[in-house]
Structure formats: C-alpha cells, structure tokens
Amino acid sequence: MEEKVIICNNLSKKFGDFVAVDKISFDVKKGEIFGFLGANGAGKTTAMRMLCGLSYPTSGEASVAGFNVYRQQQLIKRNIGYMSQKFSLYEDLTVLENIRFYGGVYGVPSQIIKSRSNDLVEKLGLQQEAKKKTGALPLGWKQKLAFSVAIFHQPKIVFLDEPTGGVDPVTRRQFWEMIYEAAASGITIFVTTHYMDEAEYCNRITIMVDGRIEALDTPQQLKAQFGANSIDDVFYQLARGAKRSES
Amino acid sequence: MKAVTLKNIVKTYDEGKVLAVDDISLEIDKGELFGLIGPDGAGKTSIFRILTTLLLADKGTASVDGFDVVKDYVSIRERIGYMPGKFSLYQDLTVKENLHFFATLFDTTIQENYELIKDIYDQIKPFNNRRAGKLSGGMKQKLALCCALIHKPEVLFLDEPTTGVDAVSRREFWEMLKRLKQQGITILVSTPYMDEAILCERIALIQHGRLMSVDTPQNIIAAYPVKLYAVKADNLYTLLSDLRKSEQVESSFAFGEYLHVTLTSGDISNASELKKHIAAQGHTNIEVEEMAPTIEDSFIRLTNENQNRNPLHKFNNR
C-alpha cells in the first residue's frame with residue numbers, strides 16, 4: 001500500500017456561525033505534488049493552517065506526517081516545512097545565517113547544518129552571496145533560497161503558499177524544477193497558487209469553492225470531466241458560482 | 001497626438017546604484033489598451049510613477065495626453081486616473097465616502113459621470129456603508145477602479161490590478177477594462193501574469209528596466225524564430241534532465257503538464273524524429289507535438305537572448 005502523508009476526513013472549521021471549511025476529505029500520497037486551488041476566501045488558508053498544526057479543527061479527523069491534528073500539533077510542526085510568498089526569510093540576516101537559523105529552529109544538529117548549508121549554497125550557486133544580507137538578493141533567488149530552507153530539515157511534507165507570486169517566468173520554471181526534484185526525493189509537496197497553468201505541474205489538484213472541495217483529480221482527468229482546455233477553464237466553471245469572496 | 005510618450009527615460013535609485021528604468025522609449029495611442037508585462041522588479045511601477053507625475057526621471061522626457069510630466073504636472077493630474085498596486089483608498093471611510101471624496105477632489109460629483117462607473121459600482125453598491133478596510137480583495141479592487149474613474153480621465157493607469165486576485169475575479173476585471181476601452185479611455189495596465197498579455201491590444205515585455213519587445217501579442221508570438229515542441233513522457237523530471245543533456249536540444253522548460261522544447265540546428269527537424277530521440281533515452285508513453293508558442297515562451301526566449309548579449313544582467317536571473 002502506498003504511504004499516505006496526509007489523511008483528511010470530513011475536516012471542518014467554524015468561526016461562530018461561519019463555516020470556513022466544510023467537511024473536506026482527501027488523502028495525499030508520499031512524494032506527490034498536490035495542488036490546492038480555490039478563489040480568494042474559499043477556505044484554503046484556514047484548511048492549510050489546520051494541517052500545519054496552527055489551528056484546531058471544529059470537527060472531523062486529519063493526520064499529517066502520521067500525527068493527529070488535535071493532539072500532536074508540535075510533532076506536525078517538526079515534520080513539515082512551510083514557505084509563503086509573504087514571509088520566508090529574515091532580510092537582515094545573511095544567506096548563511098538564515099540557513100543556520102532555520103536549521104537550528106528545526107533541531108538539525110550543528111555539524112549537519114554546517115556541511116548541508118555549504119552544499120546548499122553551492123547547489124544554488126550563491127557562493128558569492130553567502131555572506132551578504134538576504135534582503136539584497138533578487139526576488140527569484142530569495143524564493144529559491146526560501147524553498148531550500150523550508151526543506152532543509154528534510155521534512156516529510158512541505159506546504160507552499162503561493163510560492164511564485166511576481167517572479168519572472170524563467171525563475172518560476174526553475175522553481176518548479178526544484179519542486180520536482182524534492183518530490184522525486186520523496187518529499188510530499190502541498191502547494192497553493194493563483195497561476196492556473198501551475199496547477200498543471202501537479203500530480204493531483206483540488207478546487208475549493210465556499211469551504212467545500214468541489215473537484216479532486218489529476219489535471220488531465222479534470223479537464224476531460226469538465227470538457228475544458230485548461231485548468232483555468234475548469235476553475236472558472238466551478239468558482240464562478242461561488243457566493244463568498246474574501247481575501 | 002499620442003496618449004502617452006516616453007523618450008529615453010532613465011531612473012535610478014540609491015544614488016545611481018540601482019538601475020530601475022534603462023533608457024525606455026515608448027508611444028501609446030489614444031484609446032489603446034496597452035499592457036506592460038513583466039515580473040516584480042522589472043521597472044513597471046517606476047514607469048507608472050513617472051507618468052503619473054509622482055516621481056522624477058533622471059533623464060529623458062515623457063508626456064501624457066500632450067502634457068509634459070515635469071512642466072505640466074498639474075494638468076496631467078486632472079486628466080488621469082491612477083490605481084496603484086497597493087490599495088490606497090481611505091480604509092476608515094466607507095465605500096460611498098471614498099467615492100464622494102475623490103469626486104470632490106476632482107471638482108465633480110458621483111452623478112456627473114455615473115454612466116462610466118455604473119457597471120462596476122453596481123457590484124459594490126450593496127456595501128455602500130461598509131468601511132473600505134473591511135472589504136474583500138475583489139471589492140477593494142472594484143472600489144479603487146471606481147475612484148480612479150470618477151472624474152472621467154483621458155488616460156487610466158492600472159498598476160498590477162490583478163495581482164493576488166483569483167482567476168475568476170481576474171477574468172471579470174478584464175471584461176470591465178474592455179468595456180472602458182469602448183468608452184474611448186486610454187488604458188495602460190501592468191501585470192506579472194503572462195496569460196493576461198493576450199487580452200491587450202499591444203504589449204511591452206519588460207525585464208531589468210528594459211523593453212524587450214513592443215508589439216501586438218499576436219505579432220510577438222508570430223516572431224518566435226524557431227519551432228517549438230510540446231513533449232511529455234511518464235517521468236517528466238528525468239525527461240527534463242535528459243533533454244538538457246542532449247546536444248540536439250537548445251532549450252527545455254517545464255510548462256505544467258508538458259515540457260516546451262526547442263532544438264539546435266542539428267539532425268532532428270520534426271516531431272517524430274524528436275520522439276525517436278527521446279525513446280532512445282529509454283522513456284515511455286512519449287508524446288511529442290509541434291505547438292504554437294505562448295507569450296510566456298516568447299518572454300523566456302527574449303530574456304535569455306538579452307542575457308547572452310548583456311552578461312551583467314545574469315545576476316538577476318539565475
């Protein structure tokens with residue numbers, strides 16, 4: 001049987017009367033690239049926060065990296081990586097300091113941090129910049145560095161929240177090649193994006209509308225099912241009817 | 001008369017250390033829907049701020065609706081609408097108060113040009129008494145557009161109006177722009193989303209402060225100089241690295257489900273030969289098809305060509 005890294009069963013989150021996430025169910029396999037799409041306000045962030053161990057569900061069951069989202073939040077946090085477009089790295093720390101800081105936070109032994117960070121700097125071609133402040137790097141490099149830092153402790157799963165916003169097309173492709181590489185090494189990728197073409201890089205995608213999962217399949221199957229040429233069209237057909245919009 | 005002109009505009013920051021706009025010249029016709037397409041840091045916002053008279057260029061001249069951006073800045077401000085990338089309305093004022101405020105600033109009333117904003121305003125009218133800060137992203141965007149339109153500007157400047165907005169709202173927004181264009185308003189819009197380029201009449205592809213190409217999206221696509229193939233096999237990641245190693249392959253990039261591949265002028269010259277080549281590398285379930293390039297393919301190709309010509313820029317794009 002294939003190993004499942006996320007198991008999610010009727011997971012819900014209410015804020016007062018407002019049902020932000022409404023009984024969502026899905027499994028994510030080890031090494032899978034899983035796209036999590038939805039209009040602004042569909043409930044993606046709320047769902048992701050529960051899966052990252054940052055917020056308690058109201059009802060339902062879920063486990064992430066084998067740990068329970070109600071009782072083992074600390075263990076979840078230790079076994080996942082997280083990166084978002086908005087905040088990832090400390091701009092006032094150097095490249096190496098950022099790597100060391102995150103390695104330390106995740107409890108990677110200092111000897112390993114040392115050797116692994118040198119490897120990483122070399123792999124990213126950042127030798128010249130290793131001792132410069134991260135804030136001075138071009139956006140594309142920051143994003144690639146942020147992703148590398150998010151998987152530095154070799155988590156079972158990494159959550160990427162709109163990781164490629166605003167970067168140029170070449171860097172965006174290089175970024176996805178890093179994602180492929182990480183997935184090939186067995187790290188599960190859970191990614192949200194507003195770029196519908198990026199959805200087609202994923203092995204499977206879900207589309208959330210008004211707190212519910214309205215579609216879940218491979219991009220090819222979804223396009224066939226909705227008679228659409230692109231995921232953009234599938235998304236439009238589903239999300240057009242959404243009642244909620246919040247950002 | 002052109003609606004917008006830029007002549008050899010240069011803008012640097014940080015005492016000349018950062019070159020944001022690198023000798024840009026451009027003309028935009030009256031009534032045109034013109035797109036400035038490029039990633040963050042390409043120089044889009046600097047150009048907008050120079051044209052909206054909020055920033056002085058180091059060198060060069062620019063005009064909007066016939067007025068010089070330095071000498072005649074007052075006249076320009078009366079004639080343009082500007083929606084900055086960052087939400088800039090008064091968060092503590094309600095929807096209606098914001099709109100009324102901007103109308104008063106421009107010495108007009110909400111009623112006077114109501115027809116122009118009606119389509120858009122109708123969608124946020126139910127929230128007339130809600131504070132702008134409490135609106136959703138999509139509604140903020142609509143209110144900002146109404147406020148930028150309330151004085152019936154000649155030229156509308158929209159700096160990344162769809163960034164961070166979901167795919168449905170983005171589509172609706174472009175529908176609104178098309179209707180505004182029909183009213184004769186010149187629109188200059190910037191976006192990092194390459195797929196939106198095709199919705200403009202003409203576009204400029206911008207990277208590192210330079211214009212790489214200015215034309216209709218159709219012409220830019222048609223100017224793609226070589227054959228492009230869409231390629232797919234069971235293991236996309238291995239396929240990509242195999243293709244990169246092959247001497248027959250000039251470039252190979254992941255585009256979602258497919259890889260987009262161009263060839264060197266070697267032995268392979270069509271899809272079936274490329275398929276054989278890939279099969280020889282041991283791949284299975286191979287699909288190869290010649291395809292029409294997208295704006296993004298053109299953008300990537302132009303970026304790489306510019307880099308080869310100008311190695312200084314390599315730093316920014318590794």
Side-chain angles (χ1 to χ4, degrees), chain A residues 37-42 44 85 124-126 128-129 137-141 144 162 164-177 179-181 183-184 194-202 209 218-220 223 230-242 244-247, chain B residues 37-42 85 87 134-141 160 162-172 192-195 205 207-208 232 235-238 240-241 244 251-260 294-304 307 313 315-318:
Chain A
L37 312 183
N40 297 336
K44 296 191 301 286
Q85 185 203 338
L124 292 173
L126 283 173
Q128 306 272 320
E129 287 73 29
L137 291 181
L139 177 72
W141 281 21
K144 283 187 263 182
E162 291 178 34
T164 60
V167 307
D168 68 86
V170 178
T171 309
R172 203 147 71 84
R173 306 232 132 56
Q174 290 166 343
F175 193 88
W176 273 96
E177 284 168 28
I179 292 180
Y180 278 140
E181 192 188 345
H194 278 315
Y195 291 95
M196 289 302 129
D197 59 331
E198 287 193 346
E200 316 217 9
Y201 288 90
C202 301
V209 180
T218 64
Q220 294 82 344
K223 282 187 278 185
S230 64
I231 291 299
D232 191 36
D233 281 328
V234 175
F235 185 86
Y236 188 71
Q237 286 184 38
L238 281 170
R240 189 175 40 186
R244 292 181 356 202
S245 90
E246 202 62 49
S247 71
Chain B
I37 317 289
D40 286 8
F87 183 68
K134 298 280 178 205
L135 294 174
S136 73
M139 288 196 283
K140 275 183 185 159
Q141 182 203 41
E160 297 205 18
T162 55
T163 293
V165 174
D166 67 62
V168 173
S169 306
R170 276 168 54 193
R171 257 196 218 198
E172 287 172 0
Y193 296 102
M194 301 282 151
D195 57 341
L205 300 182
Q207 172 87 306
H208 306 315
K232 177 177 165 179
N235 190 332
L236 221 49
Y237 181 62
T238 341
L240 186 63
S241 39
R244 292 255 166 94
S251 75
S252 173
F253 286 103
F255 268 73
E257 195 186 345
Y258 290 90
L259 304 180
H260 288 191
T294 63
I295 288 291
E296 200 152 351
D297 290 298
S298 300
F299 194 97
I300 289 175
R301 189 164 187 95
L302 290 165
T303 302
N304 288 336
Q307 256 167 20
H313 284 143
F315 173 88
N316 289 320
N317 203 33
R318 206 163 345 167

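Here is the naming used below: chain letters follow the sequence lines, and residue numbers restart at 1 for every chain.
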Answer yes or no: is there a side-chain heavy-atom contact under 4.5 Å between Met196(A) and Asp195(B)?
no
Looking at residues at least two apart in the chain, or sitting in another chain, which of them share a salt bridge (charged side-chain N to carboxylate O under 4.0 Å, His left out) with Asp40(B)?
none
Answer with side chain, backbone, both or neither: which region of Glu177(A) has an atom nearer than 4.5 Å to a non-hydrogen atom of chain B?
both
Is Ala184(A) in contact with chain B via its backbone, its side chain, both, or neither, using a 4.5 Å heavy-atom distance?
side chain
Once rounded to the nearest 0.5 Å, what's the spacing between atom CZ of Arg172(A) and atom CZ of Phe255(B)?
8.0 Å
Looking at every heavy atom in both Arg173(A) and Ile300(B), which two are closest together, and how far apart are they?
NH1-CD1, 3.4 Å
Identify which of Leu37(A), Val167(A), Ile231(A), Asp232(A) forms the greatest number of heavy-atom pairs closer than 4.5 Å to chain B.
Asp232(A)
Apply ring pair (Phe, Tyr, Trp, His ring centres under 6.0 Å) to Tyr180(A) and list each qualifying residue two or more places apart in sequence or on a separate chain.
none
By a 4.5 Å heavy-atom criterion (distance strictly below it), what part of Lys223(A) contacts chain B: side chain, backbone, both, or neither?
side chain
Okay, side chain of Tyr201(A), backbone of Ala254(B): is any donor-acceptor separation there less than 3.5 Å?
yes
Any donor and acceptor pair, going by atom type alone, linking the side chain of Asp166(B) with main-chain N or O of Asn40(A) inside 3.5 Å?
yes
Within the structure provided, determine whether Glu296(B) and Asp197(A) are in side-chain contact (heavy-atom separation under 4.5 Å).
yes
Rounded at 0.5 Å granularity, tell me how far OH in Tyr195(A) sits from CE in Met194(B).
8.0 Å
Does any heavy atom of chain B fall under 4.5 Å from the side chain of Pro219(A), the backbone, both, or neither of them?
neither
